[in-house]
Amino acid sequence: MAQANQRKKTGLRMQTAKHWLMKTEPDVFSIDDLARSPKHTTSWIGVRNYQARNFMRDDMRLGDKVLIYHSNAKPSCVVGTAVVVKASHPDHSSWDPKSPYFDPKSSPENPRWQMVDVQLETVFNRPLSLPELREETVLENMLLLKKGMRLSVQPVTKQEFSKIVQMGKRG
DNA sequence: GCCAACGTTGGC
DNA sequence: GCCAACGTTGGC
């Protein structure tokens, strides 16, 4: 990631938090599960895609805002927001043989996968389905809405984030 | 449950 | 390093 390399070289930090979207299957872990978690916080275990991992590892910062998205749901929808409360660290589920996310190529000595911790911020007044999001001009270029997009951690523009939060606040 | 669109693996 | 085969994601 060029921007991240630039930051490493210069020692500069992004002055403003960035915005993200993270997918979860509600049958596995829903926003309600997050609300019930201690301190409304969870480690985002189970990301097993290199591009998604690299976003977490190289670009996510403490305080970054995250849209929580329910995939494989009826309907699939954005359901709320969270905030990054711990930067990327090794995903211990990757070397746990009992975990569904076990990867034999990962170990505590040489972890292959990373995770961040996120804390629930807001649960929207109502879920925002994909068809509803597609109606918004501001969101017409949103990655989530692109055909074939299956990245489980993806960047969101500030404008997209603000629009969705505003929609979620409406009754 | 179907299947398009991806991502990964492994033979060569 | 190519690319076919396979596995996965995720909307519908």
Side-chain angles (χ1 to χ4, degrees), chain A residues 1-5 18-35 37 42-60 64-82 84 88-118 120 122-157 159-161 163-165 167-168 170:
Chain A
M1 213 111 302
Q3 231 178 5
N5 291 335
K18 285 190 290 183
H19 304 82
W20 306 92
L21 178 142
M22 297 176 95
K23 298 182 183 177
T24 182
E25 298 192 26
D27 291 348
V28 178
F29 189 86
S30 71
I31 197 167
D32 293 330
D33 294 319
L34 179 56
S37 300
T42 195
S43 291
W44 205 263
I45 64 167
V47 172
R48 297 293 179 268
N49 169 281
Y50 290 106
Q51 199 177 352
R53 178 201 68 183
N54 294 349
F55 276 134
M56 291 194 292
R57 188 189 62 191
D58 301 335
D59 297 294
M60 272 194 178
D64 281 7
K65 306 286 187 176
V66 179
L67 295 171
I68 302 296
Y69 177 76
H70 282 174
S71 61
N72 263 324
K74 298 172 185 174
S76 296
C77 46
V78 180
V79 288
T81 67
V84 176
S88 74
H89 52 112
D91 181 343
H92 51 76
S93 71
S94 67
W95 58 77
D96 175 4
K98 284 175 295 205
S99 168
Y101 307 117
F102 176 61
D103 177 356
K105 292 173 183 160
S106 185
S107 67
E109 298 75 28
N110 193 7
R112 173 168 297 214
W113 302 107
Q114 299 277 124
M115 61 190 178
V116 297
D117 291 6
V118 300
L120 180 66
T122 58
V123 179
F124 289 161
N125 289 327
R126 62 199 174 82
L128 303 172
S129 70
L130 289 181
E132 182 174 0
L133 296 177
R134 287 187 203 284
E135 290 173 11
E136 299 293 334
T137 311
V138 180
L139 305 180
E140 64 186 355
N141 295 123
M142 192 173 176
L143 282 179
L144 178 71
L145 304 181
K146 293 199 190 295
K147 188 178 174 185
M149 167 52 62
R150 30 185 255 198
L151 250 190
S152 61
V153 177
Q154 53 182 262
V156 171
T157 69
Q159 289 74 21
E160 290 161 353
F161 189 92
K163 179 66 184 179
I164 288 176
V165 167
M167 292 168 72
R170 286 204 302 260

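We name chains A, B, ... by the order of the sequence lines, and we start the count at 1 in each one. All values reported here derive from a predicted model rather than from experimental measurement.
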Engineer: Please report the distance, rounded to the nearest Å, between CG in Leu151(A) and C1' in dT8(C).
Structural biologist: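 Computing the Leu151(A):CG to dT8(C):C1' distance gives 14 Å.
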
Engineer: Taking only N and O in the side chain of Lys23(A), is any of them less than 4.0 Å away from OP1 or OP2 of dG10(C)?
Structural biologist: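 Looking at the OP1 and OP2 atoms of dG10(C), one of them is under 4.0 Å from a side-chain N or O of Lys23(A).
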
Engineer: OH of Tyr69(A) versus P of dT9(C): gap in Å, rounded?
Structural biologist: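 Rounded to the whole Å, the gap is 14 Å.
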
Engineer: In whole Å, I'd like the distance from the NZ atom of Lys74(A) to the P atom of dG1(B).
Structural biologist: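 Interatomic distance, NZ of Lys74(A) to P of dG1(B): 11 Å.
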
Engineer: Given atom CG of Leu145(A) and atom P of dG10(C), what is their separation to the nearest angstrom?
Structural biologist: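 Leu145(A) atom CG is separated from dG10(C) atom P by 14 Å.
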
Engineer: Does a side-chain N or O from Tyr50(A) land closer than 4.0 Å to OP1 or OP2 of dC6(B), or not?
Structural biologist: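 For dC6(B), neither OP1 nor OP2 has a side-chain N or O of Tyr50(A) closer than 4.0 Å.
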
Engineer: Are Glu140(A) and Leu145(A) side-chain neighbours, meaning at least one heavy-atom pair lies under 4.5 Å?
Structural biologist: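 Side-chain contact under 4.5 Å: no.
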
Engineer: Measure CG/Asn49(A) against P/dG10(C) and give the value in whole Å, please.
Structural biologist: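 Atom-to-atom, Asn49(A) to dG10(C), this comes out as 9 Å.
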
Engineer: Between Thr122(A) (side chain) and Gly80(A) (backbone), is there a donor-acceptor pair under 3.5 Å?
Structural biologist: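 It does not hold such a pair.
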
Engineer: Can you tell me how the ring of Phe161(A) sits relative to the ring of His19(A), calling it parallel under 30°, perpendicular over 60° and tilted otherwise?
Structural biologist: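 The rings of Phe161(A) and His19(A) sit tilted, inter-plane angle from 30° to 60°.
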
Engineer: Glu25(A) CD to dT9(C) P: how many Å, rounded?
Structural biologist: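 Rounding to the nearest Å, CD of Glu25(A) and P of dT9(C) are 7 Å apart.
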
Engineer: Closer than 4.0 Å, any side-chain N/O of Ser76(A) to the OP1 or OP2 of dG10(C)?
Structural biologist: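 For dG10(C), neither OP1 nor OP2 has a side-chain N or O of Ser76(A) closer than 4.0 Å.
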
Engineer: What is the separation between atom CG on Asp103(A) and atom P on dT8(C), rounded to the nearest whole Å?
Structural biologist: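 So the two atoms are 13 Å apart, to the nearest Å.
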
Engineer: Which atom pair, heavy atoms only, marks the closest approach of Glu160(A) to Val138(A)?
Structural biologist: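 For Glu160(A) and Val138(A), the tightest heavy-atom pair comes out as CG-O, 4.2 Å.
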
Engineer: Using a cut-off of less than 4.0 Å, is there contact between a side-chain N or O of Lys105(A) and OP1 or OP2 of dT9(B)?
Structural biologist: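 For dT9(B), OP1 or OP2 has a side-chain N or O of Lys105(A) closer than 4.0 Å.
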
Engineer: OP1 or OP2 of dG11(C) less than 4.0 angstrom from a side-chain nitrogen or oxygen of Lys147(A), does that happen here?
Structural biologist: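 No, no such contact exists.
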
Engineer: Could you check Asn72(A) against Met149(A) and say which one's nearest nucleotide on DNA chain B is further toward the 5' end?
Structural biologist: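 It is Asn72(A) whose nearest nucleotide is closer to the 5' end.
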
Engineer: Taking atom P of dT9(C) as reference, at what distance in whole Å does atom CD of Gln154(A) sit?
Structural biologist: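 One finds 15 Å between P of dT9(C) and CD of Gln154(A), rounded.
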
Engineer: Please identify each residue that fulfils ring-ring contact (aromatic ring centres under 6.0 Å, His included) with Tyr50(A), with sequence neighbours left out.
Structural biologist: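 Residues passing ring-ring contact (aromatic ring centres under 6.0 Å, His included) with Tyr50(A): Trp113(A).
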
Engineer: With DNA chain B as reference, determine whether Arg150(A) or Arg112(A) sits nearer its 5' end, using the nearest nucleotide of each.
Structural biologist: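 Closer to the 5' end of DNA chain B: Arg150(A).
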
